[in-house]
Protein chains: 2
Amino acid sequence: MPVRNRKESGTAERVLDIAERLMQIRGFNNFSYADIATELGITKASLHYHYPGKAELGQALITRYTRRFSEALADIDRDAPDARAKLEAYVDLYAGVLRNERMCMCGILAAEYPTLPDAMQSEVIGFFDENQRWLAELLKAGDADGTLKFTGRPEDVAQGILSTLEGAMLVARPYGDLARFAAAAGQLMAGLTT
Amino acid sequence: MPVRNRKESGTAERVLDIAERLMQIRGFNNFSYADIATELGITKASLHYHYPGKAELGQALITRYTRRFSEALADIDRDAPDARAKLEAYVDLYAGVLRNERMCMCGILAAEYPTLPDAMQSEVIGFFDENQRWLAELLKAGDADGTLKFTGRPEDVAQGILSTLEGAMLVARPYGDLARFAAAAGQLMAGLTT
DNA sequence: GTCTATAGGCAGATAGAC
DNA sequence: GTCTATCTGCCTATAGAC
């Protein structure tokens, strides 16, 4: 591991930035070390110093993505006034990804799932699990504070919310149409108000 | 083009059968002519006689898939007694795909969308368009016959239904868990009853 | 940390015999 | 229609100099 200062944006981190964008657009199997090297202005061989293999790079990408996502959830928990506002902020997290013309990293990896290295598969599952846990707690809070209405187990509804948002991103992207995502998201929110 | 009898399962058709399964599991960029050739027991070179390039093969796969899907929709229109029953049959189409441990072909292609040949991109869009058209008509019928309740434009709700089902398949597959899909689908149906 | 050079494999594709 | 043989290109990865 290269030694780095705390706040510095070292090469290893810049590699992740570039690879992250490529992976969220093309998926894990459709970008190469050459793509990253060209964009970063170093050689392919140098990349192997920071990430010995593509599997390690892929794992590092999911780990950082999941950590940042967790931090965003913590921010929402801190800032939003009630459960409904938290859910709106959560939906907006997804919209933000699409606005950058990207797909949710774990959504695109779910499509490639059977072709992924084992370690990456586990991390994808972990991402979904964490999201569903957070959403289930949110739903319980929304039931308690009266800002969210639903029937059935919170865990099942949480699965449904995650599925709907991932699917809305997936289908919206070929159309390049934010409104398509917004329509599905609006419908989702409406269903939790009734 | 090879000459074939009407009902015969010629080599070209068997190639599609094998490639279809591979594509619905791994996606377009993650199977090779070698995979098909090995499974079929012929050489890679022979495949090029039936489909000159991978782009042509990919296009043929979507075309056949979309045609069969359309036929299934026509069957539903003919057999199901009311709009709600039709929607249930539609959801069961998706569940059937997942039961075979596959993903919707166009769902998985949506994830790879930016990397696909132009002709394939158009066909993916066409598949989604046709599904949404059919669903929108279904919703209007359900509104008329009273078996489906919803608010908003039928076109938007149709988008939401398609997104939810695609997303439910996408997220359920890493878990290998049919129940996960069923939960999301059940929630979807419940939302159209209220 | 980054480089040059190269290995070794697999991809899609083509020529031409049968 | 299917074969053998081959091509070219890209991929991940490694060795070793600087």
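Order of the sequence lines sets the chain letters (A, B, ...), proteins ahead of strands, with each chain counted from 1. Here the structure is a predicted model, which is why all the values come from computation and not from measurement.
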Can you tell me if the side-chain N/O atoms of [X] get under 4.0 Å from OP1 or OP2 in [N]?
{"X": "B:Thr43", "N": "D:dT4", "value": "no"}
{"X": "A:Tyr49", "N": "C:dG1", "value": "yes"}
{"X": "A:Ser46", "N": "C:dC3", "value": "yes"}

Could you tell me the separation between the [atom1] atom of [X] and the [atom2] atom of [N], rounded to a whole number of Å?
{"X": "B:Leu40", "N": "D:dG1", "atom1": "CG", "atom2": "P", "result": "13 Å"}
{"X": "B:His50", "N": "C:dG12", "atom1": "NE2", "atom2": "P", "result": "17 Å"}
{"X": "B:Ile36", "N": "C:dA13", "atom1": "CD1", "atom2": "C1'", "result": "14 Å"}
{"X": "A:Asn29", "N": "C:dC10", "atom1": "CG", "atom2": "P", "result": "15 Å"}
{"X": "A:Ile42", "N": "C:dT2", "atom1": "CD1", "atom2": "P", "result": "5 Å"}
{"X": "A:Leu57", "N": "D:dC11", "atom1": "CG", "atom2": "P", "result": "14 Å"}

Pairs meeting criterion side chain to side chain donor-acceptor pair (under 3.5 Å) with involvement of residues 178-193 of chain B, two or more places apart: A:Gln132-B:Arg180, B:Arg84-B:Thr193

Pairs flagged by side chain to side chain donor-acceptor pair (under 3.5 Å) wherever residues 157-167 of chain A is involved - sequence neighbours left out: A:Thr164-B:Thr164

Would you list the atom pairs, donor with acceptor, under 3.5 Å between side chains in residues 87-96 of chain B and any protein atom, with sequence neighbours excluded?
unit_1, atom_1, unit_2, atom_2, d
B:Tyr90, OH, B:Tyr94, OH, 2.8
B:Tyr90, OH, B:Asn131, OD1, 2.6
B:Asp92, OD1, B:Arg99, NH2, 2.9

Sequence neighbours excluded, every pair satisfying ring pair (Phe, Tyr, Trp, His ring centres under 6.0 Å) that has a member inside residues 147-187 of chain B: none

Contact list (N/O, under 3.5 angstrom) for nucleotides 12-14 of chain D vs protein:
unit_1, atom_1, unit_2, atom_2, d
D:dT12, OP1, A:Lys54, NZ, 3.2
D:dT12, OP2, A:Tyr33, N, 3.0
D:dA13, OP2, A:Lys54, N, 2.7
D:dA13, N7, A:His48, NE2, 3.3

Residues that A:Lys44 engages under salt bridge (Lys or Arg N to Asp or Glu O under 4.0 Å), provided they are two or more places apart: none

Side-chain donor-acceptor contact under 3.5 Å, A:Glu130 with A:Thr66: no

